[in-house]
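Please read the structure below before turning to the comments.
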Amino acid sequence: QVQLVEAGGGLVQPGGSLRLSCAASGAISSINVMGWHRQAPGKERELVASIRSDGGTNYADSVKGRFTISRVNAKNTVYLQMNSLKPEDTAVYYCTYSVTSHIYSWGQGTQVTVSS
């Protein structure tokens, strides 16, 4: 199994920035996808961004140009740099680990609140 430990959530003003990190440990496949999902109250959980072990990325349309996902494979760590944050970005953000399109592990979730 793979365990995910997240950090970096918090309160930020509109237009500000936050960086989330997620460290993976355990039986990590060399070919995998790590990503970030988010869920706001009353809303469905949605994919924010994902990154393959070869570096390929995918972003939700709502965050393109503002968020950047990256990873350091030697550290088994994935990051989400969030810039130009908007109130609608407020949600609980979850780190995920996937193999062959199946999400094997979820992080505990970290709250991101964008408010003045």
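Of the inter-residue distances, the one linking Ile31 atom CD1 with Ser98 atom OG reads 14.0 Å to the nearest 0.5 angstrom. Separation of atoms CD (Gln3) and CD (Gln108) is listed at 12.0 Å; rounding is to 0.5 Å. Put simply, OG on Ser53 and CG on Asn32 are 5.0 Å apart, with the number rounded to the nearest 0.5 Å. One distance of note links SG of Cys95 with CG of Leu4; it measures 4.5 Å at 0.5 Å rounding. Atom OG of Ser115 sits about 8.5 Å away from atom CD of Gln13, to the nearest 0.5 Å.
Sorted by first and then second residue, the ring pair (Phe, Tyr, Trp, His ring centres under 6.0 Å) pairs with a member in residues 1-55 read His37-Trp106; sequence neighbours excluded. Here salt bridge (Lys or Arg N to Asp or Glu O under 4.0 Å) pairs that include residues 23-42, with residues two or more places apart or in two chains, are Arg38-Glu46, Arg38-Asp89.
Screening Thr68, Asn58, Thr57 against Ile51 for a side-chain contact (heavy atoms from CB on, under 4.5 Å) leaves a single residue, Thr57.
The two residues Pro14 and Ser116 have their closest heavy-atom pair at CD-N, 3.7 Å. Minimum heavy-atom separation, Arg45 to Gln39: NH2-OE1, 3.1 Å.
Tracing side-chain contacts under 4.5 Å through hydrophobic residues (I, L, V, M, F, W, Y), one never reaches Val33 starting from Val63; they form parts of separate clusters. Each of Leu18 and Val5 belongs to its own hydrophobic cluster when Ile, Leu, Val, Met, Phe, Trp and Tyr are linked at side-chain heavy-atom distances under 4.5 angstrom. No chain of hydrophobic side-chain contacts below 4.5 Å, direct or via other Ile, Leu, Val, Met, Phe, Trp or Tyr residues, connects Tyr97 to Tyr94.
Remark: side-chain polar atoms of Thr90 are paired, donor with acceptor, to backbone N or O of Val114 under 3.5 angstrom.
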Show me the donor-acceptor pairs within less than 3.5 Å that the side chains of residues 75-85 make with the rest of the protein, sequence neighbours left out.
unit_1	atom_1	unit_2	atom_2	d
Thr77	OG1	Lys75	O	2.9
Gln81	NE2	Asn83	OD1	3.0
Asn83	OD1	Ser17	OG	2.8

Hey, mind stepping through Lys86 and Arg66 against side-chain contact (heavy atoms from CB on, under 4.5 Å) and telling me if it holds?
CA-CA 10 Å; Lys86 305 174 181 179; Arg66 300 188 298 120; 3.8 Å; yes
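At least one side-chain heavy atom of Tyr93 sits under 4.5 Å from a side-chain heavy atom of Val112.
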